[in-house]
Amino acid sequence: MEEIQLRLGHPRLLVISIVGHWLFGWFAFVDEQASHGEVPQVGPYLIVMTRDTLENWQSEFLQLLWQIGGLAFLLFVGSPQSKEGDDRMEAKIDEILKRVDPCNGEAIINELDEAYAGRHTDPHYQQRAERRE
């Protein structure tokens, strides 16, 4: 029962939103026509409200598409802003491991690096790894 209510909730909100938009648009249209000394007519109102509604939807959908498509593209190309900071966290963990176990820490790190070779993408981490060698 709760699932059905949730499924019907979104269409209801959409209808309420559209009806409210068109109702208050009618009030604004009537005021605008009265300020010009004209009698409000339904035909021009439908054209204006359809245009306004489609412009609003176009704006919202283009923004949403950019956010989804643009961010997916940036994640795909490996933008620095899209990284989660795994390399930085790994460098910190390596440093902690070396301090906790000074004798075996470096050997454990090297063993893990060999097991997961080629996974480091951060230039700072790569430079530190080259300096260690």
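These numbers come from a predicted model, not from an experiment.
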What are the two closest non-hydrogen atoms of Leu23 and Tyr45, and how far apart are they?
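Scanning both residues, the minimum pair turns out to be N-OH, 4.3 Å.
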Between Ser59 and Glu55 (side chain of the first, backbone of the second, donor and acceptor by atom type, cut-off under 3.5 Å), is there such a pair?
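Here the side-chain-to-backbone pair does not exist.
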Please check this pair: side chain of Thr53 against backbone of Met49, looking for a donor-acceptor N/O pair closer than 3.5 Å.
yes
Sub-4.5 Å side-chain heavy-atom contact between Asn56 and Asp52
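SC-SC contact between Asn56 and Asp52 ruled out.
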Show your reasoning for whether side-chain contact (heavy atoms from CB on, under 4.5 Å) applies to Val19 and Phe24.
CA-CA 9 Å; Val19 168; Phe24 287 105; over 6 Å; no
From [atom1] ([X]) to [atom2] ([Y]), nearest 0.5 Å:
{"X": "Asn110", "Y": "Asn104", "atom1": "CG", "atom2": "CG", "value": "12.0 Å"}
{"X": "Trp66", "Y": "Phe73", "atom1": "CH2", "atom2": "CZ", "value": "8.5 Å"}
{"X": "Ile93", "Y": "Ile109", "atom1": "CD1", "atom2": "CD1", "value": "10.0 Å"}
{"X": "Leu97", "Y": "Ile108", "atom1": "CG", "atom2": "CD1", "value": "5.0 Å"}

Other residues, nucleotides, ligands: >12 heavy atoms within 6.0 Å of Arg51 CZ:
yes
Pair listing, salt bridge (Lys or Arg N to Asp or Glu O under 4.0 Å) test, anchored in residues 17-39, at least two apart
none
Suppose the criterion is salt bridge (Lys or Arg N to Asp or Glu O under 4.0 Å): which pairs have a residue in residues 7-28, not counting sequence neighbours?
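Checked against salt bridge (Lys or Arg N to Asp or Glu O under 4.0 Å) - neighbours excluded - the pairs reaching residues 7-28 are Glu3-Arg7.
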Are Val42 and Val30 grouped together when hydrophobic residues (ILVMFWY) are joined by side-chain heavy atoms under 4.5 angstrom apart?
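Shared cluster, yes.
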Given the rule that I, L, V, M, F, W and Y join up when any side-chain heavy atoms are under 4.5 Å apart, are Phe27 and Trp22 in one cluster?
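Yes, because Phe27 and Trp22 connect within a single hydrophobic cluster, where side-chain heavy atoms sit under 4.5 Å apart.
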Are Lys98 and Glu95 close enough for a salt bridge, meaning some N to O gap below 4.0 Å?
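Counted as a salt bridge, because a side-chain N and a carboxylate O are separated by less than 4.0 Å.
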Other than Ile68, what residues sit in its cluster of Ile, Leu, Val, Met, Phe, Trp and Tyr side chains whose heavy atoms are under 4.5 Å apart, directly or through others?
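Once heavy-atom contacts under 4.5 Å are chained together, Ile68 belongs with Leu64.
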